[in-house]
Amino acid sequence: MTDESQATDRNIADLRRTLGRIALEIVVGFVGVYAAFALTAYHEREALIERRTQITKALVAEITPLAELSRKNIDGYRSTILAFDSAVKAGKRPIPRAYIEPVGLNTHVWDATRQSGGLNLLDVKTFVTVADFYNDVSQMLAFYAQLREMSINVILPNVGRGAGAFYDPKTGVLREDVRRLYYYDLEGLTRVSKRGAAAGDSAIRMLNRVK
């Protein structure tokens with residue numbers, strides 16, 4: 001073999017070694033980048049799971065007392081209607097009960113979760129169930145606000161005048177405007193409280209199953 005052939009073989013060998021090192025560096029670099037992406041994705045997934053867990057626990061903590069309040073209110077509103085009806089049927093002229101207690105229901109967790117986009121971490125079915133419960137809470141507050149306004153502006157100012165302020169002087173029947181508002185709000189509160197208690201229980205069960 002001539003010197004020229006040997007030199008050519010050495011050059012080819014050197015080139016192969018160089019290309020091999022470059023290929024190895026590319027592979028090592030690719031594996032390193034892939035591993036970094038995989039690690040970042042893993043940490044992001046863990047962070048999302050942790051955030052979802054915090055949100056579901058916070059929502060359960062907020063929903064539980066609200067659902068219990070709805071459950072307790074069912075009998076209260078219903079008994080008010082029944083007692084009033086019974087007195088009227090017995091020939092009495094009861095004065096409508098005034099509801100003036102302020103309501104301070106706390107839905108801060110729900111509001112903050114919506115505003116921060118945290119609801120995107122829940123599956124659609126769970127989100128809809130939780131949203132239905134809070135819609136019931138909103139309706140309950142609306143009914144109670146009407147009843148409280150009526151109590152403050154109509155019932156309380158006329159209590160001193162006796163039953164005559166609430167009943168038609170000719171027929172002795174409860175005035176239509178009073179009956180319509182009073183019964184409408186109490187029946188609405190009874191209905192939405194019953195629905196809210198059931199919706200709250202469903203929301204809690206679904207949130208507790210979220211992983």
Once rounded to the nearest 0.5 Å, what's the spacing between atom [atom1] of [X] and atom [atom2] of [Y]?
| X | Y | atom1 | atom2 | result |
| --- | --- | --- | --- | --- |
| R191 | Y77 | CZ | OH | 13.0 Å |
| M140 | L105 | CE | CG | 5.0 Å |
| I95 | Y167 | CD1 | OH | 8.0 Å |
| M150 | I155 | CE | CD1 | 4.5 Å |
| L66 | R71 | CG | CZ | 11.5 Å |
| D85 | T80 | CG | OG1 | 11.0 Å |

*Start with the C-alpha distance between T129 and L207, add both sets of side-chain angles, then the distance that settles side-chain contact (heavy atoms from CB on, under 4.5 Å), and finish with yes or no.*
CA-CA 9 Å; T129 302; L207 287 168; over 6 Å; no
*Determine, step by step, whether R78 and I81 satisfy the side-chain contact (heavy atoms from CB on, under 4.5 Å) criterion, reporting the C-alpha distance in whole Å, the side-chain angles of both residues, the deciding distance to 0.1 Å, and the verdict.*
CA-CA 5 Å; R78 182 186 294 134; I81 296 175; 5.8 Å; no
Min side-chain heavy-atom separation [X]-[Y] under 4.5 Å:
| X | Y | result |
| --- | --- | --- |
| V88 | L174 | no |
| L189 | N73 | no |
| E176 | R179 | yes |
| D136 | S70 | no |
| W110 | V130 | yes |
| I152 | R148 | yes |

I'd like to know if the side chain of [X] reaches the main chain of [Y], judged simply by a donor and an acceptor atom lying under 3.5 Å from each other, with no hydrogens or angles considered.
| X | Y | value |
| --- | --- | --- |
| N158 | R161 | no |
| Y144 | D185 | no |
| R175 | A165 | yes |
| S151 | Y99 | yes |
| Q146 | L181 | no |

*Closest approach of A203 and I63, non-hydrogen atoms and distance?*
CB-CD1, 4.1 Å
Going hydrophobic residue to hydrophobic residue with side-chain gaps under 4.5 angstrom, can you get from [X] over to [Y]?
| X | Y | answer |
| --- | --- | --- |
| V192 | L82 | no |
| I55 | M206 | no |
| Y184 | F166 | yes |
| I74 | I204 | no |
| Y134 | L121 | yes |

*R114 and D111: CA distance, side-chain angles, deciding distance, salt bridge (charged side-chain N to carboxylate O under 4.0 Å, His left out) verdict*: CA-CA 5 Å; R114 283 192 308 166; D111 296 335; 3.3 Å; yes
*Counting only heavy atoms not in I100, do more than 12 fall under 6.0 Å of its CD1?*
no
*Any Lys/Arg nitrogen of R195 or D132 sitting under 4.0 Å from an Asp/Glu carboxylate oxygen of the other?*
no
